[in-house]
Amino acid sequence: MAGCRGSLCCCCRWCCCCGERETRTPEELTILGETQEEDDEILPRKDYESLDYDRCINDPYLEVLETMDNKKGRRYEAVKWMVVFGIGVCTGLVGLFVDFFVRLFTQLKFGVVQTSVEECSQKGCLALSLLELLGFNLTFVFFASLLVLIEPVAAGSGIPEIKCYLNGVKVPGIVRLRTLLCKVFGVLFSVAGGLFVGKEGPMIHSGAVVGAGLPQFQSISLRKIQFNFPYFRSDRDKRDFVSAGAAAGVAAAFGAPIGGTLFSLEEGSSFWNQGLTWKVLFCSMSATFTLNFFRSGIQFGSWGSFQLPGLLNFGEFKCSDSDKKCHLWTAMDLGFFVVMGVIGGLLGATFNCLNKRLAKYRMRNVHPKPKLVRVLESLLVSLVTTVVVFVASMVLGECRQISSSSQIGNDSSQLQATSEDVNSSIKTFFCPNETYNDMATLFFNPQESAILQLFHQDGTFSPITLALFFVLYFLLACWTYGISVPSGLFVPSLLCGAAFGRLVANVLKSYIGLGHIYSGTFALIGAAAFLGGVVRMTISLTVILIESTNEITYGLPIMITLMVAKWTGDFFSKGIYDIHVGLRGVPLLEWETEVEMDKLRASDVMEPNLTYVYPHTRIQSLVSILRTTVHHAFPVVTENRGNEKEFMKGNQLISNNIKFKKSSILTRAGEQRRRSQSMKSYPSSELRNMCDEHVTSEDPAEKEDLLQQMLERRYTPYPNLYPDQSPSEDWTMEERFRPLTFHGLILRSQLVTLLVRGVCYSESQSSASQPRLSYAEMAEDYPRYPDIHDLDLTLLNPRMIVDVTPYMNPSPFTVSPNTHVSQVFNLFRTMGLRHLPVVNAVGEIVGIITRHNLTYEFLQARLRQHYQTI
């Protein structure tokens with residue numbers, strides 16, 4: 001159900017590549033719920049759950065509300081602020097740990113290999129130096145791959161998965177402690193192993209895991225870590241903390257707390273409010289300054305100086321004092337920036353298309369095979385990358401003159417530190433004095449040092465060197481992203497784009513004669529253009545780059561470049577993270593629907609075939625429903641019968657259900673009667689007499705409410721069935737889809753909890769004798785509720801009855817069947833819903849809408865059916 005159906009070559013919003021159709025296995029078709037597809041797009045899978053962001057206002061929750069007052073509310077809010085601060089501090093410490101050991105391993109590796117190269121350049125034993133570099137890189141990458149085998153979710157950057165989580169999709173294992181440990185240690189080895197990956201993307205994932213786990217004060221992986229902490233036992237609180245943790249990860253990676261807040265808002269969270277904004281910003285600030293404090297103290301020995309705000313430092317952009325014609329950028333440069341944005345969008349779309357093809361190839365040919373094949377693929381990528389880096393550094397580089405201006409000090413301590421970093425990373429392999437090897441300077445350094453070289457090196461890089469470096473890095477980075485190691489994409493994209501921007505600056509300076517150009521600015525704009533073309537972020541990425549450069553004057557050119565790159569790339573394909581979300585089949589909801597989708601109504605997209613429960617249901621029925629379905633919520637309904645009085649005399653179970661329906665349906669007469677009763681406390685005897693007349697004029701035994709009379713006139717009596725009987729194959733359509741009065745929703749986890757804890761009563765007893773569970777008892781097993789298949793059925797009496805009404809949500813969001821799809825979509829997404837019942841004008845449930853009914857592919861299929869029926 002993609003927009004390119006029936007075409008072997010698609011160049012639309014999904015992909016810009018041509019290729020053969022791919023076939024799905026029967027197992028995949030079963031998961032997808034489809035029989036056959038004509039295109040090569042992977043449909044959203046139906047086995048992903050949604051998060052319960054909407055509160056369940058049931059009796060246990062109301063009991064908690066009754067005990068709440070302003071003092072307890074302020075205490076709860078204070079605890080939340082303290083937890084948010086702890087998330088920021090812990091995320092900063094995780095970033096410090098990663099940075100310290102990556103720096104340690106990288107310095108060890110390059111120190112040993114560089115010494116060997118310098119010695120072997122005279123003795124002719126460079127092959128030995130290559131073997132040493134291969135030994136380091138292959139060992140590190142092997143460890144990184146092993147960690148991913150332990151926890152497969154730790155592979156990649158983790159941003160697509162966190163984006164899905166913030167969008168409301170529960171991705172299994174994505175925020176577990178084991179995932180965090182494998183991610184942190186894995187990214188250490190993958191970055192130190194010389195792969196073209198970054199540690200900034202995994203930092204975002206790590207911060208999200210910290211945000212999800214720290215407020216729980218317990219761990220599934222380490223069961224001994226458990227404290228009696230009664231707060232934040234819901235998906236609603238958890239997702240808010242994940243938003244804060246993801247923002248803290250961005251802030252720690254780039255030293256950009258405001259950019260981190262905007263990232264969490266732009267890329268993920270569908271529900272947002274002002275209070276959450278403040279907490280997320282506070283968390284981001286805490287992470288930034290925690291990392292800054294410790295990094296500045298460890299590297300410079302000046303504790304409290306705050307000189308290194310993030311893991312990736314762009315340095316200070318400033319023209320040389322000796323060059324009076326130099327400007328960071330001028331109005332005339334904006335035209336070049338727009339062109340660079342277009343080229344960056346095209347390059348990004350090409351990168352995404354190639355990577356998508358590689359990912360599909362891995363899904364078909366690598367992932368189904370034994371796990372060792374994934375390790376071998378990672379080692380192969382590491383082997384090729386190491387050989388290319390070594391050979392290119394030794395053979396393809398040119399000797400360039402070291403600029404004298406780079407050796408001159410500066411009054412700015414930050415600029416002086418940047419200049420020292422640039423000069424210390426210059427490589428002089430096979431070059432005479434006062435010259436440096438430009439290719440080795442880019443390839444034979446950590447990626448952050450190479451970015452600083454392109455941003456701040458006053459010496460020139462050969463255009464041939466820059467072009468070769470860009471092509472090699474582009475291809476290897478595209479091949480690397482997606483292998484079974486923790487890997488980020490921000491730094492490789494920045495470095496690749498910086499080489500492109502520096503190449504443009506060299507061409508404009510050397511061949512067109514524009515002497516006023518500042519090469520560092522063009523390198524920065526090139527980095528922004530390529531990164532924007534790959535990830536398609538706009539607002540947050542603009543602010544992140546401005547905060548990383550600490551130069552507000554770059555705001556306009558960066559914003560224009562990112563917008564143009566996004567528009568250009570969107571014409572051909574999606575962003576890289578959206579592509580990988582689609583490949584996983586995650587039912588992600590976009591910000592809004594397309595205009596033509598408003599031709600559909602809620603009745604067109606809802607699921608009318610319902611599995612429901614009654615207010616009072618036997619245990620055998622609940623077990624049967626839970627074991628034979630995979631639904632995560634069930635409408636609580638009662639049937640509309642014409643001969644209810646006869647049923648009430650014959651069966652206690654049916655009598656309880658009918659009594660509940662009569663007591664729960666609100667009528668105008670009943671509401672007036674209730675208000676009249678409450679008004680008797682007034683002193684006016686005239687008013688009291690009037691109320692008495694209204695009450696005595698109606699005989700409760702004979703009176704039937706207006707709604708019931710309407711239903712009796714409209715519908716004929718239905719078969720005399722018990723609520724625990726299953727549908728018969730001989731039923732007519734009217735018998736199968738008989739009218740059901742909607743009373744609320746109850747979750748699968750709640751039903752299983754009731755069964756596990758023995759909440760039931762016998763038919764000879766009143767429902768009031770059923771044990772009552774508190775809110776804490778209902779949420780005790782969160783987030784790993786027991787499974788119905790693990791339940792010991794011998795401990796249950798199948799004839800016992802469960803009264804689910806105290807635990808259901810009696811007031812969920814509902815929509816009318818005539819509601820337009822855009823309204824349904826906005827309500828579902830902005831309120832973070834999991835299920836949306838469709839209720840008609842007389843209170844009958846006619847269908848239910850879930851996330852899968854609002855995905856782009858599903859709506860497109862329904863729209864095609866709509867056109868066919870016109």
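Residues V504 and L508 have side chains in contact (heavy-atom distance under 4.5 Å, counting atoms from C-beta outward). Between I558 and L524, some side-chain heavy-atom pair lies under the 4.5 Å cut-off. Counting only heavy atoms from C-beta outward, the side chains of E377 and R362 approach each other to under 4.5 Å. With a 4.5 Å cut-off on side-chain heavy atoms, L104 and F101 count as touching. Contact check for M340 versus F522: side-chain heavy atoms found under the 4.5 Å cut-off. Between S145 and V141 there is a side-chain heavy-atom pair separated by less than 4.5 Å. Using a 4.5 Å heavy-atom cutoff, the side chains of D99 and R295 are in contact. Side-chain contact check for T521 versus D333: every heavy-atom pair is 4.5 Å or farther apart.
In this structure, F142 places its CZ atom where only 12 or fewer heavy-atom neighbours from other residues, nucleotides or ligands lie under 6.0 Å away. Annotation for F97: atom CZ counts as buried by contact number, over 12 foreign heavy atoms lying within 6.0 Å. For L108, the CG atom sits in a packed shell: over 12 heavy atoms of surrounding residues, nucleotides or ligands are nearer than 6.0 Å. For Y554, the OH atom counts as densely surrounded, since its 6.0 Å shell holds more than 12 non-hydrogen atoms of other residues, nucleotides or ligands.
Closest of all the heavy-atom pairs between T91 and M203 is O-CE, 3.7 Å. Residues E547 and A256 share a closest heavy-atom pair of OE1-CB, 3.1 Å. Nearest approach of P463 to L503, heavy atoms of both residues: O-CD1, 3.6 Å. Nearest heavy atoms, E200 versus A253: CG-CB, 3.6 Å. When all heavy atoms of G158 and K183 are compared, the pair lying nearest together is N-NZ, 3.5 Å. Heavy atoms only, all atoms of each residue included: L291 and A252 are closest at CD2-O, 3.0 Å.
The line from CZ of R502 to OG1 of T465 is 12.0 Å long, rounded to the nearest 0.5 Å. Atom CZ of F110 and atom CZ of F136 lie 11.0 Å apart (nearest 0.5 Å). Note: Q447 CD to K199 NZ = 8.5 Å, rounded to the nearest 0.5 Å. Here the straight-line distance linking atom CD1 of I258 with atom OG1 of T288 works out to 9.5 Å at 0.5 Å rounding. Atom CZ of residue F530 and atom CG of residue L347 lie 6.0 Å apart, to the nearest 0.5 angstrom. In this structure, OG1 in T385 is found 8.5 Å from CG in N137, a value given to the nearest 0.5 Å.
Ring orientation note: the planes of F443 and Y473 are close to parallel, at an angle under 30° on the 30°/60° scale.
Each of K356, R584, K163 was checked for a salt bridge (charged side-chain N to carboxylate O under 4.0 Å, His left out) with D578, and the lone residue meeting it is K163.
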Test side-chain contact (heavy atoms from CB on, under 4.5 Å) applied to N352 and Y577, step by step: CA-CA 9 Å; N352 293 353; Y577 300 135; over 6 Å; no
S519 and K509: CA distance, side-chain angles, deciding distance, side-chain contact (heavy atoms from CB on, under 4.5 Å) verdict: CA-CA 9 Å; S519 300; K509 268 188 173 182; 3.4 Å; yes
CA sep, side-chain torsions, deciding dist, call: F140, V191, side-chain contact (heavy atoms from CB on, under 4.5 Å): CA-CA 9 Å; F140 289 147; V191 175; over 6 Å; no
D438 vs S462, side-chain hydrogen bond (donor to acceptor under 3.5 Å, both in side chains): CA-CA, chis, key distance, verdict: CA-CA 7 Å; D438 56 356; S462 166; 4.6 Å; no
side-chain hydrogen bond (donor to acceptor under 3.5 Å, both in side chains) evaluation trace for N292 with S296: CA-CA 6 Å; N292 199 342; S296 301; 3.0 Å; yes
Derivation of the side-chain contact (heavy atoms from CB on, under 4.5 Å) call for R536 and I576: CA-CA 8 Å; R536 311 291 164 77; I576 188 68; over 6 Å; no
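With 3.5 Å as the limit, one finds no donor-acceptor pair spanning the side chains of T441 and Q453.
A salt bridge does not link K109 with E132: none of the charged nitrogens is closer than 4.0 Å to a carboxylate oxygen.
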Show me the donor-acceptor pairs, under 3.5 Å and distance only, between side chains in residues 559-569 and residues at least two apart or in other chains.
residue: T561; atom: OG1; partner: P557; partner atom: O; Å: 2.7
residue: K566; atom: NZ; partner: D570; partner atom: OD2; Å: 3.0
residue: T568; atom: OG1; partner: V564; partner atom: O; Å: 2.8

Sequence neighbours excluded and cut-off under 3.5 Å, please list the side-chain donor-acceptor pairs for residues 478-500, or say none.
residue: T480; atom: OG1; partner: L476; partner atom: O; Å: 2.6
residue: Y481; atom: OH; partner: S157; partner atom: OG; Å: 3.3
residue: S493; atom: OG; partner: L489; partner atom: O; Å: 2.8

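Remark: the backbone N or O of G249 is not paired with any side-chain donor or acceptor of H205 at under 3.5 angstrom. The main-chain N or O of P257 is found under 3.5 Å from a side-chain atom of T261 such that the two form a donor-acceptor pair. Side chain of S449 to backbone of N445: no donor-acceptor contact under 3.5 angstrom is found. A distance-only check finds no donor-acceptor pair linking the side chain of S548 to the backbone of L545 [under 3.5 Å].
In this structure, N506 has no side-chain hydrogen bond (donor to acceptor under 3.5 Å, both in side chains) partners at least two apart in sequence or on a different chain.
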